[in-house]
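Below is one structure; the comments refer to it alone.
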Amino acid sequence: MTPAHTLNLLGVLSESKRIINTHSRHFLALSLLFLLPLSCAIVIYPTLYPPTPQHDVVPTQFHHPFTSPQTLIFPLIYTLTTYLISLCALATITYSTFHGFYGRPVKLFPTIKSLLSSFFPLVSTVLAGKFLLCLISLSFLMFVFVIVTLIQTLVFAFVIDYNSNSFIWFIAVIGLALFMCTLYFQIIWGLAPVIAVTESKWGFEPLWRSAYLINGMRSVSLSLMLVFGSLIGVWVWMGVRSVSWFTIVEEWRSWEFVLQTVVCSGLLGFLVLLLLHYVAANTVLYMYCKALHGELAMEIAEEFAREYVCLPFDDDKVPHIVTVVSG
């Protein structure tokens, strides 16, 4: 009998680590296929982004220059490529973690093939979430506009000083409220990508289901987001700094170049591990949320026909992993 796994951050991390270690070669292959190129693109791009040449800046009759379309091609290709790779990584790792949670066989080619059925639901779900977040942001901007307009209309001859401390504090409060609102929806919609992959739901439906399942586990979702978000942010910053130092070293045979290569490789490798464990942990959190809401009974009943099955749920906690051997 394995140790108890309570419904907290440590329990989620422990279970996700167990799944990754059990199928280490499989997740290593997925990391090399998707997460390593994604990490390299995130870290190297800020150092490779070409500055806007003067001849690409076209002045207008109002003397407001704008960037020519040619300079936008590279950022557009980069954005689409990283977006595609990140969705493939998210879909395949989620699929593998979901099946590994039940002890099912996890193989590379079936996992890649699963993209045919999970990619477009995942894309539609992500776009639906971005659309709603944009509407929320626009609502806050409209609120600021209405308040400013009412003050100028109701208070006769009142001129707002946009450089005053009062207006700056007002904008800061609105910005903080927008940030907290966005963070709240990121928490309650955190399971939506997993639902899109595992349940083949798409659009707004995974968002509403995620908001339902996350009840009772919002603190865990917040902790997971803060821990991995902070670590990934710090490692991306360190990676960008490490790559930018390469421009200082002119001789590639020098020990400084070798040292920077080793440091940069180590940072990229750890960034890959962070991304892998974050996606896996979020999938395990989805399973724990289903267990908390009593939705695993039917799935567990279907698993009895297999060689064994993991039963990770209880009323208040996940006490252990039970192995059932068919007679």
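Hydrogens, waters and symmetry mates are skipped; everything else that's a heavy atom, side chains included, is used.
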Determine, using ring centers only, whether F270 and W235 are less than 6.0 Å apart.
yes
Tell me whether the NZ or CZ atom of R104 lies within the 45° cone about the ring axis of Y102 and under 6.0 Å from its centre.
yes
Please confirm whether the backbone N or O of [Y] pairs with a side-chain atom of [X], one donor and one acceptor, at under 3.5 Å?
X	Y	value
H23	I19	no
S210	I188	yes
S124	P121	yes
T92	A89	yes
T149	F145	yes
S114	T111	yes
S118	V197	no

Are [X] and [Y] side-chain neighbours, meaning at least one heavy-atom pair lies under 4.5 Å?
X	Y	value
L285	C289	yes
L33	L108	yes
F119	L84	yes
L132	F185	no
L224	L13	yes
M287	E15	no

If you count the non-hydrogen atoms of other residues, nucleotides and ligands that lie under 6.0 Å from CH2 in W202, is the total more than 12?
no
Taking OH in Y83 as the centre, count heavy atoms belonging to other residues, nucleotides or ligands within less than 6.0 Å. Is the count above 12?
yes
Give the cluster check for [X] versus [Y]: same hydrophobic cluster or not, with ILVMFWY residues linked at side-chain heavy-atom distances below 4.5 Å.
X	Y	value
F170	I168	no
F228	L38	yes
L135	L207	yes
V106	L115	no
I112	F27	yes

For S86, side-chain hydrogen bond (donor to acceptor under 3.5 Å, both in side chains) partners two or more places apart:
none
Connecting only ILVMFWY residues whose side-chain heavy atoms lie within less than 4.5 Å of each other, what is the rest of [X]'s hydrophobic cluster?
X	result
L76	L80
V173	none
L141	L138

For residues 215-228, which residue pairs qualify under side-chain hydrogen bond (donor to acceptor under 3.5 Å, both in side chains), counting only residues two or more places apart or in two chains?
N215-R218
In terms of the angle between their ring planes, are Y286 and F98 parallel, tilted or perpendicular, with boundaries placed at 30° and 60°?
tilted
Angle between ring planes, F101 versus Y288, binned at 30° and 60°: parallel, tilted or perpendicular?
perpendicular
Rounded to the nearest 0.5 Å, what separates atom CD1 in I195 from atom CD in E205?
9.0 Å
dist L213:CG -> L292:CG (nearest 0.5 Å) comes out at 9.5 Å
Closest heavy-atom pair and its distance - [X], [Y]:
X	Y	answer
S39	L268	O-CD2, 3.9 Å
K201	T125	O-OG1, 4.1 Å
L133	Q186	CD1-NE2, 3.3 Å
I136	C181	CG2-SG, 3.8 Å
K107	H26	O-CE1, 3.3 Å
V272	L36	CG2-CA, 3.8 Å

Name each donor-acceptor pair under 3.5 Å that joins a side chain in residues 277-284 to protein atoms two or more places apart or in another chain, with its distance.
| unit_1 | atom_1 | unit_2 | atom_2 | d |
| --- | --- | --- | --- | --- |
| N282 | ND2 | G190 | O | 2.9 |
| T283 | OG1 | V279 | O | 3.0 |

